[in-house]
Amino acid sequence: MMKTLLLKEKKSLVLKPIKPFDFDSSVHNPSHYPSPTEFYEKGKFWQTMRFKNKLLGIKFENKGTVNNPKIKLTIYSKTKLDNKFIKEIVNELNYRFELNKDVSEFYNKFKNDKFLEPILKKRRGMRNKCGHSLYESLMIYITLQNATVRRTVQMMTNLLKKYGTLLEFDGKKLYVFWKPEKIAKTSEKQLRELKVGYRDKMFIRISKAFADKEIDELKLRNTTTEEIFNQMMKLYGVGKQSASYMLLEVFHDHETLNHISPWEGKIMSKIMFNKLVSEDKILKEFEKRYGRWKMLAFTYIFTDIFWRKKQGEKIPWLEKEIRL
DNA sequence: CATCAGGGCCCTG
DNA sequence: CAGGGCCCTGAT
């Protein structure tokens, strides 16, 4: 039986993101798999965080508007945190949720674009968040490979139950990720028992790379796109698809778009051409239309359709492409 | 009941 | 550089 770690200490402060900032579409992404490490409802968001080996609960509450954004942040912890550490957490959250990223140029440039015009109005202030660290994101991407959403959730839950920790804060119980060392030391057999299949080796080898400090996320943030991509591709179990995602999601690169997976291709094809076209054709269209903003444009268009579905719009062709 | 493909990747030829 | 095989699961 796993014990629950109760986080009783809390500290609240107010964050002011750069405007425009839309709370809901920035803290939650409906195209992502439902992660057992976070919980969202309108105007509120909770997630766990392992940061510098402290286990934390994070809560965001919307206290502002798109043009006058204000977030009440509450940090839950087991023991009291000092101000310096709180500041580091805030900096990290700013990075992960793109709170201080100015994308006004993007908004100005494409306000008359055929595809972006309605989206920039409806989703005005949407950011591209990634609540997880690089290591955690890699773990998730391994479970996404060659699996349906349901199976991904099953694998992640099994892993979190066995290697993670259940945290309780603000009446929520959510899992937090394990340290890389923990899985680096485990056996393939033990992982297979969690129904992860052939991914066992990938978890172990990537965890080893992190445990041995072969990869430094903070250093990578200050290198080039090529360097990050190459480093990712060296990891066992990471190919073009996952490496590209890391650039956008973890490193917030809004420009690089050099690969589109088949299922995303089908969806984007339908939206832009209303028929199935090749990956190459989509890539060329994005390059031509959006230039150095092509990746951000891609996520805006892609995420928008998932929000429309979440908000009750019936999109029959989309249902077929999302397998649960 | 059997067969199959899935929100990729590695490895082989 | 194309294609088979991979763990497991739910769909058919």
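Every chain is numbered from 1 and lettered A, B, ... according to where its sequence line falls, protein lines coming before strand lines. Both backbone and side-chain heavy atoms feed into the values below; hydrogens, waters and symmetry mates do not.
- With hydrogens and angles ignored, a donor-acceptor pair under 3.5 angstrom links the side chain of A:Arg151 to the base of C:dC7.
- Rounded to whole Å, the separation between the P atoms of C:dG5 and B:dC4 comes to 12 Å.
- The existence of a salt bridge linking A:Lys189 and A:Glu193 is confirmed by a sub-4.0 Å separation between a basic side-chain nitrogen and an acidic carboxylate oxygen.
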(message) One pair to check against salt bridge (Lys or Arg N to Asp or Glu O under 4.0 Å): A:Lys185 and A:Glu181. What are the steps and the verdict?
(response) CA-CA 6 Å; A:Lys185 280 187 292 198; A:Glu181 287 77 4; over 6 Å; no
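- Close placement of the A:Phe286 and A:Phe298 rings is indicated, their centers lying within 6.0 Å of each other.
- Here A:Tyr236 lies in heavy-atom contact (under 4.0 Å) with sugar-phosphate atoms only.
- Residue A:Thr148 places none of its side-chain N or O atoms closer than 4.0 Å to OP1 or OP2 of C:dG10.
- A donor-acceptor contact closer than 3.5 angstrom links the side chains of A:Thr186 and A:Tyr163.
- Note on A:Ser31: a base of the nucleic acid sits closer than 4.0 angstrom, heavy atoms only.
- Taking 3.5 Å as the limit, the base of B:dG7 and the side chain of A:Tyr245 contain no donor-acceptor pair of atoms between them.
- Within the 6.0 Å centre-distance limit, the rings of A:Phe177 and A:His132 are counted as a close aromatic pair.
- Atom P of nucleotide C:dC8 and atom CG of A:Leu194 are separated by 11 Å, given to the nearest angstrom.
- When the P atom is used for both C:dT12 and B:dG7, the distance is 14 Å, rounded to whole Å.
- Using a 4.0 Å heavy-atom cutoff across all strands shown, A:Leu235 reaches sugar-phosphate atoms only and no base atom.
- When the P atom is compared between B:dT12 and C:dC7, the two are found 14 Å apart, to the nearest whole Å.
- Looking at which nucleotide of DNA chain B each of A:Ser261 and A:Arg205 is closest to, the 5′-most match is held by A:Ser261.
- Rounded to a whole Å, the CD atom of A:Gln145 is 5 Å from the C1' atom of B:dG8.
- When the C1' atom of B:dC10 is taken as reference, atom CD1 of A:Ile142 falls 12 Å away, rounded to whole Å.
- Tested against A:Lys129, the residues A:Glu249, A:Glu98, A:Glu38 include a single salt bridge (charged side-chain N to carboxylate O under 4.0 Å, His left out) partner, A:Glu38.
- Between the CE atom of A:Met155 and the C1' atom of B:dG7 there is a distance of 11 Å, given to the nearest Å.
- Every stem involving DNA chain C, taken as at least 3 paired positions in a row under the Watson-Crick or G-U wobble test at 3.5 Å, is listed here: B:2-6 with C:8-12, B:8-13 with C:1-6.
- Both A:Glu264 and A:Gly237 sit near DNA chain B, but only A:Glu264 has its closest nucleotide nearer the 5' end.
- In this structure, A:Glu279 places its CD atom 17 Å from P of B:dG7, rounding to the nearest Å.
- Taking the six-membered ring where the residue is Trp, the centroids of A:Tyr300 and A:Phe115 are separated by 6.0 Å or more.
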List, one per line, each side-chain donor-acceptor pair under 3.5 Å for residues 234-242 of chain A, sequence neighbours excluded.
unit_1	atom_1	unit_2	atom_2	d
A:Gln241	OE1	A:His259	ND1	3.3

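- Look at OH on A:Tyr33: it is 17 Å from C1' on B:dG6, rounded to the nearest Å.
- A:Val238 comes within 4.0 angstrom of the backbone, heavy atoms only, and of no base.
- B:dC10 atom P lies 6 Å from atom CE of A:Met202, rounded to whole Å.
- At a threshold of 4.0 angstrom between heavy atoms, the contacts of A:Gln154 are confined to the sugar-phosphate backbone, with no base atom among them.
- Where A:Arg150 and A:Asn146 each meet DNA chain C at their nearest nucleotide, the meeting point lying more 5' is that of A:Asn146.
- Between A:Arg192 and C:dC7 there is a side-chain polar atom (N or O) within less than 4.0 angstrom of OP1 or OP2.
- Atom-to-atom, NE2 of A:His259 to C1' of B:dG7 comes out at 12 Å; the value is rounded to the nearest Å.
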